[in-house]
There are 2 protein chains.
Amino acid sequence: MANKDIKKCDCTIIHEDVVNKVKENMPPEENLYDLAELFKVFGDSTRIRILYALSASPMCVCDIAALLNMSQSAISHQLRILKQARLVKYKKEGKVVYYSLDDDHVNQIFAHGLEHVKE
Amino acid sequence: MANKDIKKCDCTIIHEDVVNKVKENMPPEENLYDLAELFKVFGDSTRIRILYALSASPMCVCDIAALLNMSQSAISHQLRILKQARLVKYKKEGKVVYYSLDDDHVNQIFAHGLEHVKE
DNA sequence: TGTACATATGAACAGTTATTCATATATTTG
DNA sequence: CAAATATATGAATAACTGTTCATATGTACA
């Protein structure tokens with residue numbers, strides 16, 4: 001019953017008890033999918049640099065482009081992705097759009113990630 | 001001088017002071033690159049599910065494949081990536097290879113990520 | 001109203017990536 | 001040694017992604 005959708009795997013289930021127990025405690029598929037989507041956003045050095053920059057100060061698009069030495073268009077595209085992931089927010093002042101971090105978790109996720117990387 | 005490599009950006013630097021200050025406080029390019037590489041590993045739902053499963057219990061390759069209803073080969077390929085990122089370790093016992101989490105940060109990164117996703 | 005400028009966006013292209021398939025390696029057991 | 005089984009791996013392919021280029025949108029100001 002608990003195994004009814006185990007079929008694609010081409011090998012014997014060696015420890016059925018372990019598999020079933022772990023399966024019971026797995027979070028909903030959807031949560032893990034969303035989590036992967038979130039980390040996918042962090043998984044690009046341009047976006048990481050944008051987030052890091054914004055954690056220091058809100059900035060407009062041109063400033064970010066200048067800071068990272070990249071085209072305005074490239075930055076704008078990436079900001080859209082960060083916006084969709086609710087990681088940055090923006091405030092329009094005339095022609096200029098100021099972006100800033102939208103979430104406290106960002107810094108904490110960063111911190112733990114950096115610990116890992118530095119070891 | 002601080003601006004010597006600002007050239008690719010096709011727009012005016014609106015707030016040079018902000019840009020320069022943020023630039024001074026940016027971590028080394030290399031660290032941010034490594035950080036992005038780490039998150040890239042988390043940015044796939046198969047790998048996320050493997051990590052989550054292993055956080056519940058060490059498992060062998062066949063068990064993981066059965067649990068996730070995927071081919072042994074696909075799991076093995078992903079385990080190699082997780083191994084290279086030093087996120088999982090393994091112990092060989094006869095024919096069977098047991099994988100387990102290799103890092104405490106994993107759980108903490110997970111936790112903060114889930115907080116974000118659930119909001 | 002027209003020009004300049006900050007930002008956004010769609011299409012295209014190049015590079016990357018996850019899975020599959022076939023097969024190799026290694027270990028156990030008969 | 002031969003057969004069975006657990007795992008690893010290389011090649012191929014399909015899908016995805018980041019940047020560029022061209023252009024559109026929207027605002028300020030002369």
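Every chain is numbered from 1 and lettered A, B, ... according to where its sequence line falls, protein lines coming before strand lines. FYI, side chains are in, hydrogens and waters are out, and symmetry mates aren't considered; it's all heavy atoms of this structure.
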Parallel, tilted or perpendicular, as decided by the 30° and 60° cut-offs, for the rings of B:Phe39 and A:Phe42: tilted
Under-3.5 Å donor-acceptor pair between B:Gln72 side chain and D:dA8 base: yes
When you check the phosphate oxygens OP1 and OP2 of C:dA8, does a side-chain N or O of A:Tyr99 lie under 4.0 Å from one of them? yes
Tell me whether the side-chain N/O atoms of A:Ser76 come closer than 4.0 Å to OP1 or OP2 in C:dT7. no
Using a distance-only criterion (donor-acceptor N/O pair, under 3.5 Å, no hydrogens), is the base of C:dT19 paired with the side chain of B:Ser71? no
Do B:Asn31 side-chain atoms and B:Pro27 backbone N/O form a donor-acceptor pair below 3.5 Å? no
Measure NZ/A:Lys95 against C1'/C:dT7 and give the value in whole Å, please. 11 Å
How many Å lie between CZ on B:Phe42 and C1' on C:dT17, as a whole number? 18 Å
Between B:Ser73 and D:dT9, does any side-chain N or O lie under 4.0 Å from OP1 or OP2? no
In this structure, how many angstroms lie between the C1' atom of D:dA28 and the NZ atom of A:Lys92, rounded? 12 Å
Atom CE of A:Met59 and atom C1' of C:dA6: how far apart are they, to the nearest Å? 16 Å
Taking only the side-chain nitrogens and oxygens of B:Arg80, find out if one of them lies under 4.0 Å from OP1 or OP2 of D:dT7. no
Give a yes/no answer on whether the side chain of A:Gln78 brings an N or O atom under 4.0 Å of OP1 or OP2 in D:dT19. yes
Salt bridge check: are B:Lys40 and B:Glu37 linked by an N-O gap of less than 4.0 Å? yes
Cationic tip of B:Lys89 above B:Tyr99 ring, under 6.0 Å, 45° of axis: no
Please report, rounded to the nearest Å, how far the P atom of D:dA6 is from the NZ atom of B:Lys91. 18 Å
Measure CD/A:Glu93 against C1'/C:dA6 and give the value in whole Å, please. 13 Å
B:His77-D:dT9 aromatic stacking (under 5.5 Å, under 30°): yes
